[in-house]
Structure formats: structure tokens, C-alpha cells
**Student:** 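Submitted below is the structure of interest, expressed as C-alpha cells.
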Amino acid sequence: MTDAVSSSALRDTLRQMLAVLEEERQALAGLDLDAIVGTTRDKDRLCGRIDALGDAAGAPELDEECRSMLDAARRLNEVNRQVRNIIAANVSRRLNALTGSPQLYRIPKGYAAMARA
């Protein structure tokens with residue numbers, strides 16, 4: 001596979017990933033479970049394709065467009081991860097309120113600070 005073909009395929013795959021991440025954001029906002037599961041499958045498939053492209057091309061030199069799309073995908077994925085965590089925390093809080101039970105799992109103090117380090 002030539003560098004031009006692999007770069008083109010990588011750009012196409014990254015564009016698809018950005019679209020899927022936007023779909024995931026919309027699915028999370030609408031609490032659409034079917035769409036959330038679908039985007040998870042799509043992300044997994046696209047990650048496999050990115051891995052395959054990287055393996056086939058060795059370690060290709062990324063052009064500015066690819067770097068920019070990778071950065072945008074990282075940011076979108078991080079935002080979506082944070083939204084998923086907020087939703088999960090809200091569900092846990094509501095379940096705990098309904099059952100009158102204390103939270104079974106608590107994040108130790110300082111954990112968030114350690115995770116950022």
C-alpha cells in the first residue's frame with residue numbers, strides 16, 4: 001500500500017470516526033440506547049480499521065489534516081466519555097435514592113487528581 005493510498009484511507013476513516021463521535025454525542029443527549037450501542041459498535045469497527053491501516057503502512061508520517069482530525073476525535077471522545085460518566089452518576093444517584101441504599105462503590109478522595117496526573 002502506498003503512502004498516498006494509506007493517507008487517503010486514514011483520512012476517510014478519521015472522517016467517519018468524527019461523524020460517529022458526533023452521532024454518539026447526539027445519542028447521549030437524547031438518551032437513545034439503541035443509537036449509543038450502534039455508535040459503540042461503529043467506533044470499535046473504525047478503531048480496528050485504523051489499527052489495520054497503521055499496521056499495513058508501518059508508522060506513516062501523518063499530514064496536518066490527519067493530525068487535526070485525530071486531535072478533534074480525541075476531544076470529541078473525551079467529551080462523550082465525560083457525558084457518559086455524568087449520565088451513569090445520575091442513574092446511580094437516582095437508584096440509591098429509590099432504594100434508600102448507600103452507594104456501593106465510592107471513588108476515593110484524590111482519585112480524580114491522581115487520574116489527571
**Student:** Please round to the nearest 0.5 Å and tell me the distance separating atom CG of Leu46 and atom CG of Leu18.
**Tutor:**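 Answer for the CG-CG pair, Leu46 versus Leu18, is 10.0 Å.
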
**Student:** Can you see whether Arg93 engages Asn90 through a side-chain donor-acceptor pair at a distance of less than 3.5 angstrom?
**Tutor:**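 Yes, because at least one side-chain N or O of Arg93 sits under 3.5 Å from a partner of the opposite role on Asn90.
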
**Student:** Check this for me, if you would: do Glu64 and Arg67 make a salt bridge, where the nitrogen-to-carboxylate-oxygen distance has to be below 4.0 angstrom?
**Tutor:**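 So Glu64 pairs with Arg67 through a salt bridge.
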
**Student:** Check Leu62 against Cys66 and note the closest heavy-atom contact, atom names and distance.
**Tutor:** CD2-CB, 4.2 Å

**Student:** Rounded to the nearest 0.5 Å, how far does CZ of Arg49 lie from CG of Leu10?
**Tutor:** 9.5 Å

**Student:** Do Met17 and Met69 come within less than 4.5 Å of each other through their side chains, counting heavy atoms only?
**Tutor:** no

**Student:** Step by step, would you call Glu65 with Arg15 a salt bridge (charged side-chain N to carboxylate O under 4.0 Å, His left out)?
**Tutor:** CA-CA 10 Å; Glu65 183 181 8; Arg15 283 187 191 102; 2.7 Å; yes

**Student:** Can you tell me how far apart CG (Asn80) and CD (Gln26) are? Round to the nearest 0.5 Å.
**Tutor:**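 Answer rounded to 0.5 Å: 10.0 Å.
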
**Student:** To check you understand the geometry: which heavy-atom pair defines the closest contact between Leu76 and Glu22, and what is its length?
**Tutor:** CD2-OE2, 3.3 Å

**Student:** At what distance, to the nearest 0.5 angstrom, does CG of Leu53 lie from CG of Asp12?
**Tutor:** 9.5 Å

**Student:** Please name the pair of heavy atoms, one in Leu21 and one in Ala73, separated by the smallest distance, quoted to 0.1 Å.
**Tutor:** CD1-O, 3.5 Å

**Student:** Do you know which two heavy atoms are closest between Leu28 and Ile87, and how far apart they sit?
**Tutor:** O-CD1, 3.9 Å

**Student:** Taking the side chain as every heavy atom from C-beta outward, state whether Arg45 and Gln16 have any atom pair closer than 4.5 Å.
**Tutor:**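 A side-chain contact under 4.5 Å exists here.
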
**Student:** Please tabulate, one pair per line, all N/O donor-acceptor pairs under 3.5 Å involving side-chain atoms of residues 31-41, not counting sequence neighbours.
**Tutor:**
unit_1 : atom_1 : unit_2 : atom_2 : d
Asp32  : OD1    : Asp34  : N      : 3.3
Asp32  : OD1    : Ala35  : N      : 3.2
Thr39  : OG1    : Ala35  : O      : 3.2
Thr39  : OG1    : Ile36  : O      : 2.9
Thr40  : OG1    : Ile36  : O      : 2.9

